[in-house]
Amino acid sequence: MRLHLATLVEDFKRHGDQTAIVSRHGLRKEICSYAQLANLAGRFAAELAARGIVKGDRVLLWGENGKEWVAAFFGCVMRGVIPVPIDLAGSDAFAHRVAEEVAPKLITGSREQMRSFDAALIFDEFSALPAQPIAAIDDLSDADPVQIVFTSGTTGDPKGIVLTHGNVLASFEPIEKASQPYLRYERLIHPLRILHTLPLSHVFGQFMGLWCPALLAAEVHFSEQLEPSRVTDLVLRERISVLIAVPRVLHLLRAHLLGRFPALAAKLDASAELSIWKRWWRFRRVHGALGWKFWAVISGGATLPADLETFWSRLGFALIQGYGMTETAALVTLNHPFHIAPGTIGKALPGREVKIAGDGEILVRG
């Protein structure tokens, strides 16, 4: 049982030279191993210590997904410092409003986002961090805040949600436990490669980009390009196994595939009763276009229309969806990857009670 999330950095060290993060900036591809990621997180932690930033202080984090973002986040976690992530698409005005509210001791992020802040630490400057990494502090507990996430839900101005280590672990540990029996089979297809298209500033994006990959020493491929033809080319070229995306991206990819394979729609209508293996064979040209290693889509962040779920499932791909809120540290329910119930958002995770109110509102307690 994990006492806090800084223990994941020890997992990074254990995974060593295996690839952790692959980022793309234009034509440039950058690869970071798990050992390098652990080292960079420790060096960022050393920078915090050198600046006198201590447990309970806040750090504003606003930038592109990549090794620097992940290292800054875990560097904060290791020192008990509270990162406050901001969506990359957020405005300068919003970022400054958050800064006024949380009074950060340090602001760090990508060069473009840091232009309106004075004395910010830019991701490009991480090469100048202290050479010697330091370890996590000793007095971390599951009751300590791990981050403040600003979310508006569906109405009103965004409000800061304080999440503790325990809040996140309540969702993470059931997944970690459930994954154990499958680790022996994962070795046959290792490494699992994840194409991650969500902001790391969102809790769903964090689950798929920060917490879960370390369980399998998976590769996380970050991409700024969401144009369908580029996404499919990337999935094929990098031998991606799993795509993490919101329904809007899956809708665009569907339109792209229907245009690329004109007879696909008719074949899908005639395939409703086929087994998964027969579907896979019938749509082998589509699977070939996406690469033989690609097998699953994880959807979240918005309601998945039934026709979109049907499209991906009938092609023979596993479409996994769940339900959660920032206030519940994301996951409330989740479909099991190998026991998917079509048309549902899965079963409630352990420790949660879910009830449907008379007006249809979903009530959650845990």
Side-chain angles (χ1 to χ4, degrees), residues 19 21-24 27 29 31 65 182 185-198 204-205 208-209 212-213 216 218-272 274-302 304-322 335-338 340 342:
T19 298
I21 293 173
V22 180
S23 302
R24 287 166 185 79
L27 297 176
K29 175 179 172 180
I31 298 174
N65 291 357
Y182 299 96
Y185 304 111
E186 191 276 337
R187 296 190 186 100
L188 301 175
I189 60 170
H190 192 79
L192 188 74
R193 297 185 178 95
I194 299 170
L195 180 55
H196 190 291
T197 66
L198 305 172
F204 176 44
M208 299 300 112
C212 291
L216 304 170
E219 295 181 10
V220 180
H221 291 241
F222 291 119
S223 177
E224 304 166 11
Q225 299 290 340
L226 297 182
E227 198 277 321
S229 63
R230 294 192 179 187
V231 172
T232 54
D233 288 347
L234 185 61
V235 168
L236 176 63
R237 184 173 67 252
E238 297 294 339
R239 302 181 68 216
I240 297 296
S241 312
V242 179
L243 170 65
I244 314 294
V246 295
R248 180 179 61 85
V249 173
L250 302 183
H251 175 79
L252 294 173
L253 287 172
R254 175 177 63 177
H256 171 72
L257 291 173
L258 287 172
R260 186 170 173 181
F261 300 98
L264 184 56
K267 285 186 176 181
L268 283 168
D269 291 339
S271 303
L274 295 181
S275 69
I276 181 68
W277 298 111
K278 288 182 178 179
R279 289 179 200 168
W280 191 93
W281 178 252
R282 174 166 289 190
F283 300 112
R284 59 191 180 277
R285 289 186 62 206
V286 177
H287 286 266
L290 292 169
W292 303 115
K293 198 172 181 183
F294 182 66
W295 67 278
V297 176
I298 300 178
S299 174
L304 181 71
D307 62 316
L308 200 53
E309 179 185 14
T310 298
F311 173 83
W312 289 97
S313 298
R314 285 191 184 174
L315 281 176
F317 296 109
L319 196 150
I320 305 156
Q321 59 174 323
N335 258 300
H336 192 291
F338 304 118
I340 298 171

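As the structure is a computational prediction, the values presented were derived from the model and not from experiment. What's counted below: heavy atoms across the whole structure, side chains too, no hydrogens, waters or symmetry copies.
Among residues at least two apart or in separate chains, side-chain hydrogen bond (donor to acceptor under 3.5 Å, both in side chains) pairs with a member in residues 306-319 are Arg254-Asp307. For residues 281-293, the set of pairs meeting the salt bridge (Lys or Arg N to Asp or Glu O under 4.0 Å) definition, not counting sequence neighbours, is empty. Residue pairs meeting the side-chain hydrogen bond (donor to acceptor under 3.5 Å, both in side chains) criterion with at least one partner in residues 233-245, sequence neighbours excluded, are Arg24-Glu238, Lys29-Glu238.
What you find for Gly288 and Leu236 is that their closest heavy atoms are O-CD1, 3.6 Å. Summarising the geometry of Gly300 relative to Pro247, their closest heavy-atom pair is O-CD, 3.6 Å, with the distance given to 0.1 Å. Here the closest non-hydrogen pair linking Leu216 and Glu186 is O-OE2, 3.9 Å. Nearest approach of Ile240 to Arg193, heavy atoms of both residues: CG2-O, 3.6 Å. Looking at every heavy atom in both residues, Val220 comes nearest to Gly209 through CG2-O, 4.2 Å.
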- [ ] Determine, step by step, whether Leu226 and Arg248 satisfy the side chain to side chain contact (heavy atoms under 4.5 Å, CB included) criterion, reporting the C-alpha distance in whole Å, the side-chain angles of both residues, the deciding distance to 0.1 Å, and the verdict.
- [x] CA-CA 10 Å; Leu226 297 182; Arg248 180 179 61 85; 4.3 Å; yes
- Item | side chain to side chain contact (heavy atoms under 4.5 Å, CB included) between Trp280 and Leu274, worked out | CA-CA 10 Å; Trp280 191 93; Leu274 295 181; over 6 Å; no
query = Would Leu264 and Phe283 satisfy side chain to side chain contact (heavy atoms under 4.5 Å, CB included), going step by step from the backbone distance to the final call?
reply = CA-CA 8 Å; Leu264 184 56; Phe283 300 112; 3.5 Å; yes
Worked verdict on Ile298 versus Phe204 for side chain to side chain contact (heavy atoms under 4.5 Å, CB included): CA-CA 10 Å; Ile298 300 178; Phe204 176 44; 4.0 Å; yes
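Listed by chain and residue number, nothing satisfies the side chain to side chain donor-acceptor pair (under 3.5 Å) test with Arg260 (two or more places apart in sequence, or in another chain). By the side-chain contact (heavy atoms from CB on, under 4.5 Å) test, Ala255 is found to be paired with no residue, residues two or more places apart in sequence or in another chain being considered. For the ring-ring contact (aromatic ring centres under 6.0 Å, His included) test, residues two or more places apart in sequence or in another chain that qualify with His196 are Phe222. Ala245 meets the side-chain contact (heavy atoms from CB on, under 4.5 Å) test with Thr197, Leu243, Val249, Leu250; sequence neighbours excluded. For Ser223, the side-chain contact (heavy atoms from CB on, under 4.5 Å) partners are Leu195, Gln225, Leu234, not counting sequence neighbours. The salt bridge (charged side-chain N to carboxylate O under 4.0 Å, His left out) check on Arg279 picks up nothing, with sequence neighbours excluded. Checked against side chain to side chain donor-acceptor pair (under 3.5 Å), Trp281 has no partners two or more places apart in sequence or in another chain. Under the side-chain contact (heavy atoms from CB on, under 4.5 Å) criterion, Pro228 pairs with Leu252, Leu253, His256, sequence neighbours left out. Residues passing the ring-ring contact (aromatic ring centres under 6.0 Å, His included) test with Phe261: none are found, sequence neighbours excluded.
Rounding to the nearest 0.5 Å gives a distance of 11.0 Å between OG1 of Thr232 and CZ of Arg230. Atom-to-atom distance recorded for Phe311:CZ and Leu258:CG is 4.5 Å, nearest 0.5 angstrom. Rounded to the nearest 0.5 Å, atoms NE2 (His221) and CD1 (Ile21) are 10.5 Å apart. Separating the NE2 atom in His287 from the CG atom in Leu315 is a distance of 6.0 Å, to the nearest 0.5 Å.
The neighbour count for His251 NE2, taken as heavy atoms of other residues, nucleotides or ligands under 6.0 Å away, does not exceed 12. The neighbour count for Trp277 CH2, taken as heavy atoms of other residues, nucleotides or ligands under 6.0 Å away, does not exceed 12.
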